[in-house]
Protein chains: 2
Amino acid sequence: MVGKLTAKGRATRARIVEGAAAVLRERGVASATLDDIMARTRTSKSQLFHYFPAGKDELLLAVARFEADQVIEDQQPHLGRLDSWEAWERWRDVVVERYEQQGDECPLGSLFFQIGRSTPGARAIVVELMRRWQESLAAGIRALQAAGRLPADLDVDARAAALLAAIQGGVSILLSTGRSAHLRVALDQGIADLRREGDAVDRRGG
Amino acid sequence: MVGKLTAKGRATRARIVEGAAAVLRERGVASATLDDIMARTRTSKSQLFHYFPAGKDELLLAVARFEADQVIEDQQPHLGRLDSWEAWERWRDVVVERYEQQGDECPLGSLFFQIGRSTPGARAIVVELMRRWQESLAAGIRALQAAGRLPADLDVDARAAALLAAIQGGVSILLSTGRSAHLRVALDQGIADLRREGDAVDRRGG
DNA sequence: CCTACGATGGACCGCACAGTCCATTCCCAG
DNA sequence: CTGGGAATGGACTGTGCGGTCCATCGTAGG
């Protein structure tokens with residue numbers, strides 16, 4: 001479809017995706033129209049269909065990819081460097097702050113519900129996001145193991161999975177109720193559990 | 001609006017809500033139309049607007065209420081009687097099974113995104129559901145305290161909140177990926193944490 | 001057995017919005 | 001500088017679908 005894109009074309013395409021993402025956040029996926037996106041991005045119908053020949057769904061998919069990347073990016077550099085308890089705490093703060101600021105908007109969730117399980121690409125994006133996210137958490141736990149702050153026989157994947165679930169649940173409740181208390185509690189408790197394992201190491205190791 | 005409903009009328013209204021719920025689950029909220037609901041429930045346009053004068057939004061709201069009640073109901077009688085570790089385990093199994101069976105459908109989540117934050121009633125339904133859910137968990141924890149299986153100084157609300165977040169996160173990931181592993185891990189770990197607190201009591205209490 | 005009102009049927013309307021088409025302009029390669 | 005494809009503008013179309021309206025039927029209550 002888009003094999004030939006000049007520099008200008010690439011810029012326009014990017015402008016459309018980013019503008020569409022903004023519109024979807026503001027208006028909500030359900031009520032955002034192509035006209036809204038055109039107005040926001042100063043483009044015409046033909047441009048939209050030029051860069052996304054398959055129409056709205058293809059555009060939404062591109063926005064979903066954009067938002068998924070954003071999720072990971074917004075947690076950097078902390079998420080990629082969880083090699084001390086201080087780093088974990090900083091990361092926690094970033095996550096809480098990011099989602100408190102985002103408030104009750106969930107662009108990715110909305111997009112997922114809109115595009116639906118029908119499209120194969122949609123699920124792949126979320127699955128990949130979850131995989132990357134959990135893998136980063138697992139890497140952080142392993143880093144602590146390597147530093148001797150956590151026991152070597154810890155079930156890393158289970159811990160990472162539970163942490164990811166804690167975050168998702170907290171965010172989910174934040175979206176529903178507007179209160180971030182659950183996100184904080186869930187994250188705090190998850191990290192506290194980890195530290196407790198570390199304390200065991202400290203006691204054993206002297 | 002609906003002050004006067006004969007027995008027949010009430011039956012029809014209920015049939016519409018239940019049928020609409022089924023259609024929304026199958027087709028997805030985004031692509032389900034009033035015509036679909038009419039076909040499924042063997043009703044006419046005028047009936048839909050007779051029982052839901054404000055139109056589709058009002059109907060969706062009614063379905064949301066229905067689904068929210070369903071969520072709690074599906075966990076009974078276990079959720080209302082979490083007074084032993086065995087009861088907690090049984091409840092866990094019911095939750096996992098229920099959501100595994102539901103698969104990647106999330107009627108309530110979809111409805112929430114569709115109706116949106118604009119409507120005040122929508123959020124209230126979810127907030128109330130979360131409140132009831134967490135309160136039941138808290139009651140279960142208090143029952144264990146009363147039975148001497150958990151320490152009296154446990155932060156009941158924080159535990160209940162974290163458990164609720166664990167469930168929500170697990171379900172959320174199940175919806176996204178189709179895998180229930182996170183839900184299982186999160187629930188198991190949450191309950192295991194609780195039991196660990198109980199073990200402390202046992203050691204102290206003899 | 002009426003009669004008033006609720007329950008039902010279904011034709012009809014209007015519009016919002018995705019998607020099409022062609023004309024025009026821009027810009028790089030040769 | 002020139003030809004051609006990419007980029008853009010914008011009018012136009014088709015229709016799906018929510019919502020309105022009125023006519024008819026069923027029935028509970030007197």
Side-chain angles (χ1 to χ4, degrees), chain A residues 1-20 23-24 26-64 110-111 113-116 118-119 122, chain B residues 1-20 23-24 26-64 110-111 113-116 118-119 122:
Chain A
M1 50 156 257
V2 198
K4 304 102 166 306
L5 277 188
T6 67
K8 196 182 182 185
R10 259 175 280 124
T12 300
R13 206 194 110 105
R15 197 174 80 239
I16 291 175
V17 171
E18 288 169 35
V23 169
L24 294 183
E26 289 169 17
R27 293 272 226 275
V29 181
S31 62
T33 72
L34 292 187
D35 290 302
D36 294 333
I37 296 171
M38 284 163 55
R40 163 68 68 111
T41 60
R42 301 185 311 284
T43 51
S44 63
K45 267 283 170 67
S46 45
Q47 280 173 291
L48 258 46
F49 283 85
H50 179 65
Y51 295 107
F52 305 95
K56 197 180 189 183
D57 281 355
E58 188 181 351
L59 173 56
L60 290 183
L61 212 60
V63 173
S110 315
L111 282 165
F113 279 121
Q114 184 72 13
I115 311 178
S118 45
T119 7
Chain B
M1 47 157 261
V2 197
K4 306 104 168 305
L5 277 187
T6 67
K8 196 181 182 185
R10 257 175 281 126
T12 302
R13 204 195 113 106
R15 197 175 81 239
I16 292 175
V17 171
E18 288 169 36
V23 170
L24 294 183
E26 289 169 15
R27 294 271 227 273
V29 181
S31 62
T33 71
L34 291 187
D35 290 302
D36 293 333
I37 296 171
M38 285 164 53
R40 163 68 67 110
T41 61
R42 300 185 314 283
T43 51
S44 63
K45 268 278 169 70
S46 44
Q47 281 173 291
L48 257 47
F49 283 86
H50 180 64
Y51 295 107
F52 306 95
K56 197 180 190 183
D57 281 354
E58 189 183 351
L59 173 56
L60 291 184
L61 212 60
V63 173
S110 316
L111 281 165
F113 279 123
Q114 183 73 15
I115 311 179
S118 45
T119 6

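Every chain is numbered from 1, with letters handed out A, B, ... down the list of sequences.
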Rounded to whole angstroms, how far apart are [atom1] on [X] and [atom2] on [N]?
X: B:R42; N: C:dA7; atom1: CZ; atom2: P; answer: 17 Å
X: A:H50; N: C:dT25; atom1: NE2; atom2: P; answer: 18 Å
X: B:L48; N: D:dT20; atom1: CG; atom2: C1'; answer: 14 Å
X: B:L34; N: C:dA11; atom1: CG; atom2: P; answer: 17 Å
X: A:R10; N: D:dA6; atom1: CZ; atom2: C1'; answer: 13 Å
X: B:K45; N: D:dG19; atom1: NZ; atom2: P; answer: 9 Å

Strictly below 4.0 Å: does [X] bring a side-chain N or O up to OP1 or OP2 of [N]?
X: B:Q47; N: C:dT8; answer: yes
X: B:Y51; N: C:dT8; answer: yes
X: B:T6; N: C:dA7; answer: yes

What I want to check is whether an N or O donor and acceptor connect the side chain of B:K8 with the base of C:dG6 at under 3.5 Å.
no
Just to be sure I understand the rule, does B:K56 reach a base, reach only the sugar-phosphate, or reach nothing, if contact means heavy atoms closer than 4.0 Å?
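Here B:K56 touches the backbone only, sparing every base.
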For A:T33, which contact category applies under a 4.0 Å heavy-atom criterion: base, sugar-phosphate, or nothing?
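If one applies the 4.0 Å heavy-atom cut-off, A:T33 turns out to touch the sugar-phosphate alone, with no base involved.
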Spell out, as yes or no, whether a donor-acceptor pair under 3.5 Å connects the side chain of A:Q47 to the backbone of A:S44.
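Checked: pair present.
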Flag side-chain contact, heavy atom, 4.5 Å: A:F52 against A:V17
yes
A:S46 side-chain proximity, nearest of D:dG10, D:dA7, C:dA7
D:dG10
For A:T43 and A:I37, work out which heavy atoms get closest and say how close.
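Heavy-atom minimum between the residues: OG1-O, 4.4 Å.
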